[in-house]
Protein chains: 4
Amino acid sequence: MPTRRDEARALFRNAILDAAEAVIADRGFHAARIHDISERARIAVGTVYNHFRTKEDVLRALLEERSEGLRRELMPVPGEPESFEKKLAVRLSRVLAYVDRHRSFFLVALEHGLFGAASATAEATLHGKPVRQMASVKGAIAALIQEGIAAGALVDEDPARLTRFLTGTMKGFILGSLQAGLPSIQGETPVIVDLFLHGAARSPARRKR
Amino acid sequence: MPTRRDEARALFRNAILDAAEAVIADRGFHAARIHDISERARIAVGTVYNHFRTKEDVLRALLEERSEGLRRELMPVPGEPESFEKKLAVRLSRVLAYVDRHRSFFLVALEHGLFGAASATAEATLHGKPVRQMASVKGAIAALIQEGIAAGALVDEDPARLTRFLTGTMKGFILGSLQAGLPSIQGETPVIVDLFLHGAARSPARRKR
Amino acid sequence: MPTRRDEARALFRNAILDAAEAVIADRGFHAARIHDISERARIAVGTVYNHFRTKEDVLRALLEERSEGLRRELMPVPGEPESFEKKLAVRLSRVLAYVDRHRSFFLVALEHGLFGAASATAEATLHGKPVRQMASVKGAIAALIQEGIAAGALVDEDPARLTRFLTGTMKGFILGSLQAGLPSIQGETPVIVDLFLHGAARSPARRKR
Amino acid sequence: MPTRRDEARALFRNAILDAAEAVIADRGFHAARIHDISERARIAVGTVYNHFRTKEDVLRALLEERSEGLRRELMPVPGEPESFEKKLAVRLSRVLAYVDRHRSFFLVALEHGLFGAASATAEATLHGKPVRQMASVKGAIAALIQEGIAAGALVDEDPARLTRFLTGTMKGFILGSLQAGLPSIQGETPVIVDLFLHGAARSPARRKR
DNA sequence: TATGAATGAGAGTTCATTCAT
DNA sequence: CATGAATGAACTCTCATTCAT
């Protein structure tokens with residue numbers, strides 16, 4: 001049972017993470033000064049350090065939180081459709097809705113390996129210490145792929161490759177859509193699913209989608 | 001006709017860029033100190049500044065150079081196959097060979113928007129000044145997509161979306177393969193082309209590839 | 001009502017300005033490193049930057065402060081003598097006492113235009129940004145001259161010229177006395193006033209003063 | 001007899017000094033880069049170092065040259081008037097004509113003690129090494145004062161004080177006039193002489209001059 | 001001797017982190 | 001625990017000087 005004190009702590013923690021998300025999304029991790037973050041949260045710099053050991057820890061906590069959010073959206077939910085394609089669409093749609101809710105920060109999050117494959121800069125920034133939840137996201141995606149293979153819905157290709165293909169496709173659409181300023185990335189779900197499953201080639205069977 | 005002096009200049013410039021590529025790939029842009037770069041190039045710090053105005057300019061020059069390299073590999077070459085699929089495979093193969101030649105730096109380059117969609121950090125780092133050649137790469141990819149559509153080889157979808165799909169797929173495989181430590185990304189070409197064109201869904205016609 | 005915190009701020013600010021005055025007087029502005037100043041004030045370098053935006057700003061603040069001090073001494077004070085000569089003597093005496101209190105820094109201050117006419121170096125150093133209070137000093141001197149003319153005590157010459165004459169005379173004595181190491185410049189007041197008013201020519205009426 | 005080689009050397013030396021005068025007058029000594037000077041002289045930086053040991057030496061040579069020029073103008077010339085006042089006027093006029101010929105540099109020269117009393121900055125810049133000819137200028141002025149005292153034309157005051165008074169007056173007018181942008185400082189000679197000799201006080205005998 | 005690129009010590013400034021209040 | 005000023009290591013960039021050509 002959380003005490004009043006615990007609740008206060010959580011309040012501060014959240015305020016800091018919100019501020020950090022906005023500032024880091026805006027300027028990138030390196031240009032984001034702790035001072036900026038504390039100012040946006042309307043608290044003192046020292047207070048940030050009462051809740052996080054280092055600036056880097058703030059970023060890591062943020063990534064944990066977003067990873068956890070993503071992972072949740074990727075998990076099965078009661079009442080999901082049976083067919084893999086529909087299930088994929090449903091889950092992807094939830095994921096992209098989540099991305100839409102944290103739009104700008106995802107530019108940063110992706111760079112830091114949210115779907116796997118962090119940049120060198122990111123690695124250096126986090127001193128190589130892994131973000132726990134990030135592994136779960138990868139795991140959840142890999143599990144989804146496995147499911148598809150097991151169900152016979154996906155080609156019997158090396159799962160690692162299919163995972164790269166799926167994350168690449170998702171990232172391509174997320175980044176592209178953010179950059180293009182699309183109001184909703186979630187809206188792209190059908191296209192993404194279709195391209196991921198059936199590719200970009202024209203075939204007699206698929207005229208226009 | 002380049003004089004001896006011009007040659008010397010180019011020599012230094014290249015040495016600096018090579019050193020910068022290695023150091024930045026290794027530690028990321030921010031952790032890479034000019035001092036590290038000059039040390040690796042076995043020259044003095046000041047010499048770096050005789051060739052580049054700022055540290056940021058070194059990165060930009062590097063991105064220009066790699067972009068230009070990529071663009072070149074994407075351009076048509078005499079004697080290319082007629083069919084779009086084969087042409088795509090040939091070009092992609094060349095591009096990936098280039099990536100293989102500059103493996104580790106591509107982790108950095110991608111983050112800085114080499115195929116479009118730079119991260120917030122990258123934007124901040126470059127102060128929003130665009131890397132000229134990077135636009136050409138995007139253009140070359142878009143042109144390739146257009147070609148495919150015109151030839152009737154690709155679905156009649158919004159070209160911007162197909163571009164996101166292609167770049168996403170490429171980036172997914174490049175990053176994934178780098179991270180996995182695959183010896184050659186070029187070797188992935190057939191899989192990439194196949195997935196891009198025909199998707200990941202199992203179909204009666206495609207058992208195993 | 002100044003809070004404890006405001007007092008602390010002022011304490012630091014003064015310590016910095018005192019240290020800067022000493023160091024700059026000793027080595028000149030360019031040779032004075034921020035590190036020297038902070039060391040003399042027994043604080044950290046960063047602290048200097050918590051109180052002043054740039055090194056240049058420290059100098060400017062110092063000049064403002066000394067200018068303000070000078071201006072104050074030049075202002076009328078209740079109970080001053082009526083006659084212009086005596087009034088001039090009284091004010092000049094106050095001014096020179098102030099100079100005595102900040103002896104060595106005045107070498108720097110004069111060079112930076114404390115009585116008008118900054119050197120090229122000074123202009124460049126301050127980036128042409130004017131020191132507000134310095135204008136007031138010039139104004140106070142000009143006012144004094146005007147007063148003398150109006151009172152019929154000074155020749156009816158172009159006031160700008162008389163101002164140059166007065167400031168030149170003052171600066172000549174200040175610099176000369178400082179260089180000669182005179183213990184008190186204030187003690188020169190009578191000579192200065194006499195020479196300023198009656199010149200250096202021998203006349204039947206003035207044997208020795 | 002100067003050989004062709006000597007002439008060439010002198011040509012370079014002069015070109016450098018001319019360029020240095022202009023650049024230093026414009027930006028002050030510290031902001032004047034050797035590179036700027038060599039560029040203005042249309043020669044290479046290295047060449048400057050073939051003629052002067054250090055940047056500081058260039059300044060010193062410049063000051064020597066201007067000091068020597070001033071000293072020359074202060075020396076007696078055949079056919080000068082007998083009366084001290086007229087002699088003073090004649091010499092001062094020559095000096096001010098020289099100043100006019102090197103207008104802007106004098107802002108710098110004065111600061112570096114051309115008439116005595118260098119600023120702290122100047123002392124630091126020249127590392128305390130004296131400029132030989134500068135002593136001669138002071139000597140020539142002191143001699144002039146002595147002459148006036150001996151002739152009974154000046155009050156029997158401490159010569160050092162009268163020297164400070166004269167140099168102060170001259171510097172006041174030079175700086176003031178330069179700053180005011182007067183086209184000719186030489187034209188001020190009569191006023192300067194009059195004020196120096198008879199002061200600024202109105203007396204029954206002197207209505208308007 | 002003129003050249004101008006290479007050199008590297010040095011300086012100003014920033015900002016994550018600490019800690020007394 | 002919140003505060004925010006103090007701290008000082010670290011980093012980029014400058015520029016007087018050198019030296020191979």
Side-chain angles (χ1 to χ4, degrees), chain A residues 5 8-9 12 16 30-39 41-58, chain B residues 4-5 8-9 11-13 15-16 30-39 41-58, chain C residues 3-5 8-9 11-13 15-16 30-39 41-58, chain D residues 5 8-9 12 30-39 41-58:
Chain A
R5 171 160 296 166
R9 277 202 73 80
F12 269 99
I16 293 166
H30 277 95
R33 286 166 299 155
I34 286 285
H35 182 259
D36 297 331
I37 294 172
S38 71
E39 198 166 54
R42 296 170 184 277
I43 58 174
V45 252
T47 306
V48 176
Y49 282 88
N50 286 333
H51 292 264
F52 298 93
R53 226 169 37 72
T54 64
K55 178 184 168 187
E56 184 192 314
D57 273 5
V58 176
Chain B
R4 193 180 306 270
R5 172 160 298 163
R9 275 202 77 78
L11 235 53
F12 270 95
R13 190 189 153 89
I16 294 167
H30 279 96
R33 286 167 299 144
I34 285 287
H35 182 259
D36 297 332
I37 295 174
S38 71
E39 200 165 55
R42 296 170 184 278
I43 58 174
V45 203
T47 305
V48 175
Y49 284 91
N50 284 340
H51 292 264
F52 300 92
R53 226 168 37 70
T54 64
K55 179 185 165 186
E56 184 191 316
D57 273 7
V58 176
Chain C
T3 69
R4 194 180 304 270
R5 174 161 294 163
R9 274 202 79 76
L11 236 53
F12 270 97
R13 190 189 153 90
I16 293 167
H30 278 95
R33 286 166 298 143
I34 285 285
H35 182 259
D36 297 332
I37 294 174
S38 72
E39 201 166 55
R42 295 170 183 280
I43 59 174
V45 213
T47 306
V48 175
Y49 284 90
N50 284 340
H51 292 264
F52 300 93
R53 227 170 36 73
T54 64
K55 179 184 166 188
E56 184 191 316
D57 274 6
V58 176
Chain D
R5 171 163 296 168
R9 277 201 76 79
F12 270 99
H30 277 94
R33 285 166 301 158
I34 286 285
H35 181 257
D36 297 330
I37 294 173
S38 72
E39 199 166 56
R42 296 170 186 278
I43 59 175
V45 252
T47 307
V48 175
Y49 283 87
N50 286 334
H51 291 264
F52 298 91
R53 224 168 38 75
T54 65
K55 179 185 168 187
E56 183 192 314
D57 275 3
V58 176

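Every chain is numbered from 1 and lettered A, B, ... according to where its sequence line falls, protein lines coming before strand lines.
- Across the protein-nucleic acid pair, R53(C) atom CZ and dG12(E) atom P stand 15 Å apart, rounded to whole Å.
- For T54(A) against Y49(A), the heavy-atom pair with the smallest separation is CA-CE2, 4.2 Å.
- To the nearest angstrom, P of dA16(F) lies 13 Å from CD of E39(D).
- Heavy atoms of A32(C) sit under 4.0 angstrom from primed sugar atoms or phosphate atoms, though from no base atom.
- In terms of position on DNA chain F, the residue among F12(C) and I34(D) whose nearest nucleotide sits closer to the 5' end is F12(C).
- Taking atom CZ of R9(C) as the reference point, atom P of dT21(E) lies 17 Å away to the nearest angstrom.
- Nucleotide dT13(E) holds its P atom 11 Å from the CD1 atom of I37(C), rounded to whole Å.
- DNA chain E is contacted by both G46(B) and T54(C); G46(B) maps to the nucleotide lying nearer its 5′ end (nearest heavy atom per residue).
- Across dT17(E), dT3(F), dG12(E), the shortest atom-to-atom separation from the side chain of T47(A) is found for dT3(F).
- Counting to the nearest Å, the P atom of dG4(E) and the NE2 atom of H35(D) are 9 Å from each other.
- Spacing between atom NE2 of H51(B) and atom C1' of dA5(E) amounts to 7 Å, rounded to whole angstrom units.
- Protein atom CZ of F52(C) is 15 Å distant from nucleotide atom C1' of dA6(F), rounded to whole Å.
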Nucleotide pairing, DNA chain E (Watson-Crick or G-U, distances under 3.5 Å), in dot-bracket with [ ] and |:
.||||||||||||||||||||
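- The side-chain heavy atoms of H51(C) and R9(C), taken from C-beta on, include a pair separated by under 4.5 Å.
- H35(C) contributes atom NE2, which lies 13.5 Å from atom NZ of K55(C) (distance to the nearest 0.5 angstrom).
- Residues S38(C) and V48(C) come closest through the heavy atom pair CB-CG2, 3.8 Å.
- Contacts of S38(A) with the nucleic acid, taken as non-hydrogen atoms under 4.0 Å apart, are absent.
- Nearest nucleotide to the A44(B) side chain, out of dC1(F), dT7(E), dG12(E): dT7(E).
- Between the CD1 atom in I43(C) and the CD1 atom in I37(C) there is a gap of 9.5 Å [rounded to 0.5 Å].
- You'll find that the side chain of R33(A) is closest to dA16(E), out of dA16(F), dA16(E), dG4(E).
- The two residues D57(A) and F52(A) have their closest heavy-atom pair at O-CD2, 4.1 Å.
- Residues N50(B) and R42(C) each lie close to DNA chain F; by heavy-atom proximity, the contact nearer the 5' end of the strand is made by R42(C).
- Set against dT17(E), dT3(E), dT12(F), the side chain of Y49(A) has dT17(E) as its closest nucleotide.
- Here the closest non-hydrogen pair linking A15(B) and A41(B) is O-CB, 3.9 Å.
- At a threshold of 4.0 angstrom between heavy atoms, the contacts of H30(B) with the nucleic acid are absent.
- Here dA5(F) presents its P atom at 13 Å from CD1 of I16(C), a figure rounded to the nearest Å.
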